Trainee: 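Got a structure for you, written out below as structure tokens; questions coming shortly.
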Amino acid sequence: MKLSEIKNHLSTLKNIGFKLPNGELVQPHFHVTEVGKITKDFIDCGGKVRSETVINFQLWEENDYDHRLHPEKLAQIIAVSEKMFKLEDLEIEVEYQGKETIGKYNLDFDGTNFLLTSKLTACLAEDACGIPTKKPTIKISDMGTTNACEPNSGCC
């Protein structure tokens with residue numbers, strides 16, 4: 001989800017909810033403790049220099065049950081961050097600490113809650129690493145009834 005999308009969704013909500021990939025909701029007394037821009041400069045395994053930039057939200061839970069974050073307050077935090085950091089309409093990455101460690105998630109929306117969706121890794125230089133391409137699956141029934149192995153064809 002891009003920054004413009006979350007701003008549009010916030011304008012229609014009375015409450016904010018975040019749902020984890022396992023279906024559990026983040027506790028309603030969470031705080032968004034950071035809104036910022038993260039740029040990662042790196043070299044992929046094929047030797048190509050790359051750069052990625054995302055908008056980062058950090059969710060945090062504490063025993064402060066009286067100060068629930070409302071949509072208009074998060075919209076204000078985003079507006080200040082846009083001015084301060086000259087944020088573009090980039091993808092949002094969410095950091096959230098569960099029971100054991102901090103996870104990084106993509107963001108989606110189901111009409112009611114924001115969904116923290118799992119991030120995936122991939123090789124960015126498959127051609128340089130020698131990773132084989134997937135072979136197409138062919139059904140024998142789709143090959144027809146002609147015999148492709150004729151006498152003197154060299155296939156046998």
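Quick note: numbers below take in every heavy atom, side chains included, and nothing from hydrogens, waters or symmetry partners. Just so it is clear, the model here is predicted, and its values are computed rather than measured.
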Trainee: For the aromatic rings, using the six-membered ring if either is Trp, is the centroid distance between Phe18 and Tyr96 under 6.0 Å?
Mentor: no

Trainee: State whether the side chain of Asn113 and the backbone N or O of Leu115 hold a donor-acceptor pair below 3.5 Å, judged by distance alone.
Mentor: no

Trainee: So, Glu88 and Lys37, do they make that salt bridge, N to O below 4.0 Å?
Mentor: no

Trainee: For Phe114 and His9, take the angle between the two ring planes, folded into 0 to 90°, and tell me which bin it lands in: parallel under 30, tilted 30 to 60, perpendicular over 60.
Mentor: perpendicular

Trainee: When you compare the side chain of Lys48 with that of Ile43, does any pair of heavy atoms fall below 4.5 Å?
Mentor: no

Trainee: Is there a path of hydrophobic side-chain contacts, each under 4.5 Å between heavy atoms of I/L/V/M/F/W/Y residues, joining Ile55 to Phe85?
Mentor: yes

Trainee: Would a single hydrophobic cluster contain both Val54 and Met84, if residues Ile, Leu, Val, Met, Phe, Trp and Tyr are joined by side-chain heavy-atom contacts under 4.5 Å?
Mentor: no

Trainee: Any heavy-atom pair between the side chains of Phe109 and Met1 that's under 4.5 Å?
Mentor: yes

Trainee: Run the numbers on Ile6 and Phe57 for side chain to side chain contact (heavy atoms under 4.5 Å, CB included), then give the verdict.
Mentor: CA-CA 11 Å; Ile6 195 169; Phe57 287 12; 3.4 Å; yes

Trainee: Testing the 3.5 Å rule here: is there a donor-acceptor pair between the side chains of Asp41 and Ser51?
Mentor: yes

Trainee: Identify the heavy atoms of Leu13 and Pro71 that sit nearest to each other, and give their distance.
Mentor: O-CG, 3.4 Å

Trainee: Of all residues at least two apart in sequence or in a different chain, which pass the side chain to side chain contact (heavy atoms under 4.5 Å, CB included) check with Arg68?
Mentor: Asn15, Pro28

Trainee: Calculate, to the nearest 0.5 Å, the distance between atoms CZ and CZ belonging to Phe42 and Arg50 respectively.
Mentor: 6.0 Å

Trainee: Do Glu93 and Tyr105 come within less than 4.5 Å of each other through their side chains, counting heavy atoms only?
Mentor: no

Trainee: Do the side chains of Ile77 and Val35 get nearer than 4.5 Å, heavy atoms only?
Mentor: yes

Trainee: Sort out for me which residue in Val94, Leu120, Leu116, Thr117 forms a side-chain contact (heavy atoms from CB on, under 4.5 Å) with Asn106.
Mentor: Thr117

Trainee: Using 0.5 Å steps for rounding, measure from the CD atom of Gln58 to the CD atom of Glu34.
Mentor: 4.0 Å

Trainee: Other residues, nucleotides and ligands only: do more than 12 of their heavy atoms fall within 6.0 Å of NZ on Lys119?
Mentor: yes

Trainee: Out of curiosity, Gln27 CD to Glu24 CD, how far, rounded to the nearest 0.5 Å?
Mentor: 8.5 Å

Trainee: Do Leu3 and Leu87 come within less than 4.5 Å of each other through their side chains, counting heavy atoms only?
Mentor: yes

Trainee: Answer with yes or no whether the hydrophobic clustering places Ile78 together with Ile38; edges join I, L, V, M, F, W, Y residues whose side-chain heavy atoms lie under 4.5 Å apart.
Mentor: no

Trainee: Decide whether Leu20 and Ile92 are clustered together by the hydrophobic rule: side chain heavy atoms of Ile, Leu, Val, Met, Phe, Trp, Tyr closer than 4.5 Å, transitively.
Mentor: yes

Trainee: Could you check Lys19 against Val26 for side chain to side chain contact (heavy atoms under 4.5 Å, CB included), going step by step and ending with a plain yes or no?
Mentor: CA-CA 6 Å; Lys19 190 181 283 189; Val26 171; over 6 Å; no

Trainee: I'd like to know if the side chain of Asp89 and the backbone of Ser4 have a donor-acceptor N/O pair within less than 3.5 Å.
Mentor: yes

Trainee: How many angstroms lie between atom OG of Ser81 and atom CD of Gln76, to the nearest 0.5 angstrom?
Mentor: 11.5 Å

Trainee: For a salt bridge (charged side-chain N to carboxylate O under 4.0 Å, His left out) check, start with the C-alpha distance between Glu72 and Lys14, then their side-chain angles and the critical distance, and finish with the verdict.
Mentor: CA-CA 9 Å; Glu72 60 277 359; Lys14 292 186 193 284; over 6 Å; no

Trainee: Is the backbone N or O of Ala125 less than 3.5 Å from a side-chain atom of Asp44, with the two atoms forming a donor-acceptor pair by type?
Mentor: no

Trainee: From Lys40 NZ over to Glu52 CD, what is the distance, rounded to the nearest 0.5 angstrom?
Mentor: 5.0 Å

Trainee: Measuring from atom OG1 of Thr53 to atom CG of Leu90, what distance do you get when rounded to the nearest 0.5 angstrom?
Mentor: 6.5 Å

Trainee: Glu91: what forms a side chain to side chain contact (heavy atoms under 4.5 Å, CB included) with it, not counting sequence neighbours?
Mentor: Lys2

